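Following: one structure in structure tokens, then a few remarks.
Reckoned from all heavy atoms, side chains included, excluding hydrogens, waters and symmetry mates. Treat the numbers as computed from the prediction; the structure is a model and nothing was measured. We count ligands from 1, going down the list as the structure has it; atoms in each ligand are counted the same way.
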Amino acid sequence: MNHTARSGTVSIICPCYNESDVIALFYDELREVLGSLDNLDYEIIFVDDGSSDETLDRLNTLAEQDGRVRICSLSRNFGHQVALTAGLDYARGDAAIMLDTDLQHPPQLIREMVEKWRSGYDIVSAVRRETASATWLKNVTSKGFYFILNKLSPTDVPEGVADFTLLSSRVYRELRDMRERNRFIRGMISWMGFKREFVYYDARDRAAGVSKYTFPKMLSMAADALLSFSSTPLRLATLVGIFITFLGFVYLAWIIARAILVGDLVVGWTSLIAVSLILGGCQLLFIGLIGQYLARVFDEVKGRPIYVLKQIPKGAAGEDAAADR
Ligand code: UDP
Ligand code: MG
């Protein structure tokens, strides 16, 4: 392939959940950047993730004014990762770029990403240097999360890489075929391989509105990432189980020996309670862990679509797209 000649269309995928305050601002900034790219046409796919404010109305107004804007609306709030998935499903570009609508992902970086793509990379991920407004709690939890994830899972997910990423069409088509329900797109992209490049940016504060990633949402994303990309927790359960059972036997042997040699059998009360507590706790913990994997298997087995649309983007081959899912 002649990489230098990479041109055509780029699809910009923007998930929005109650972002009515920033959409206009975001759109203006985005269009300015896209308009300045040579030899490149674009489409903007806004995915309304079941917003309860005027987000969808504002998006539809934009789409009426600008033929390059396409709207996809989910029937309820499915979450950021699913919204991105829906956007990718309807992308038609030779490359797709996912970025947040709150202007924390600077649209100006698109130019650099496109240059890297033109020079032959299939995946170009933006790496955040620091988040201006992030609380120390978010920084610490995020650092801890990536540390654990990369220790446990064979798939490497670089720290600071958010979902602000360019994917060439062959990569995002491949990603489309991965229909797992508990999605952690960063991990799925790392898993695929391909030639990858990074560009760097300093995150800005949100232009308006508040973060939609509440603590429970962050936890559930972390669980998806750890449990979907690693079976180490399950192996860990087995290992700890073996270790504790072994300890139990050693302890038992010691008690018996002591009973025979010294004869003071009754004093074991406190330690007995301690052991049964530890064992009971471990059992509950690991049954819960197995349950987590089981729940994921259950989710997959049901075979439901990942999302439900209430508005299909214009120009989508409606039936085909629906059948694809
Ligand atoms: N978002 C979404 N669905 C959700 C939560 C968030 O589509 O359930 C979108 C949101 O509109 C934004 C992006 O995902 O464009 C990132 O969310 P947010 O800025 O709230 O997360 P943070 O930057 O605080 O991690
Ligand atoms: Mg944000």
[atom]: nearest protein contact (heavy atom, Å):
| atom | answer |
| --- | --- |
| atom 14 (O) of ligand 1 | H80 CD2, 3.1 Å |
| atom 11 (O) of ligand 1 | E19 OE2, 2.6 Å |
| atom 23 (O) of ligand 1 | Q104 OE1, 2.7 Å |
| atom 20 (O) of ligand 1 | K212 N, 2.4 Å |
| atom 8 (O) of ligand 1 | K217 NZ, 2.8 Å |
| atom 17 (O) of ligand 1 | Y213 CD1, 4.0 Å |
| atom 16 (C) of ligand 1 | D100 OD2, 3.1 Å |
| atom 18 (P) of ligand 1 | R206 NH2, 3.4 Å |

Cluster check F164, L37: I/L/V/M/F/W/Y, side chain < 4.5 angstrom: yes
2.8 Å cut-off (strict), protein N, O or S atoms about the Mg ion (ligand 2): 2
[Y]/[X] salt bridge by N-O under 4.0 Å criterion:
| X | Y | value |
| --- | --- | --- |
| R196 | D122 | no |
| D38 | R118 | no |
| E43 | R68 | no |
| D224 | R296 | yes |

Heavy-atom pair of closest approach, residues [X] and [Y]:
| X | Y | value |
| --- | --- | --- |
| R128 | S142 | NH2-OG, 4.2 Å |
| W117 | D94 | CZ2-O, 3.7 Å |
| G35 | Y42 | N-CE2, 4.4 Å |
| V69 | Y27 | CG2-CE1, 3.7 Å |

Contact partition for S211 relative to ligand 1, non-hydrogen atoms under 4.0 Å: both
Side chain, backbone, both or neither: the part of N77 lying under 4.0 Å from ligand 1 by heavy atom: side chain
Donor on one side chain, acceptor on other, Q108 and E29, under 3.5 Å: yes
Test of proximity, V210 against ligand 1: N or O pairs below 3.5 Å: no
F78 six-ring centre to R76 NZ/CZ under 6.0 Å and within 45° of normal: yes
From the candidates L74, L84, D49, V22, the one that places a heavy atom nearest atom 7 (O) of ligand 1: D49
Evaluation steps, salt bridge (Lys or Arg N to Asp or Glu O under 4.0 Å), between D41 and R92: CA-CA 11 Å; D41 204 0; R92 298 178 296 195; over 6 Å; no
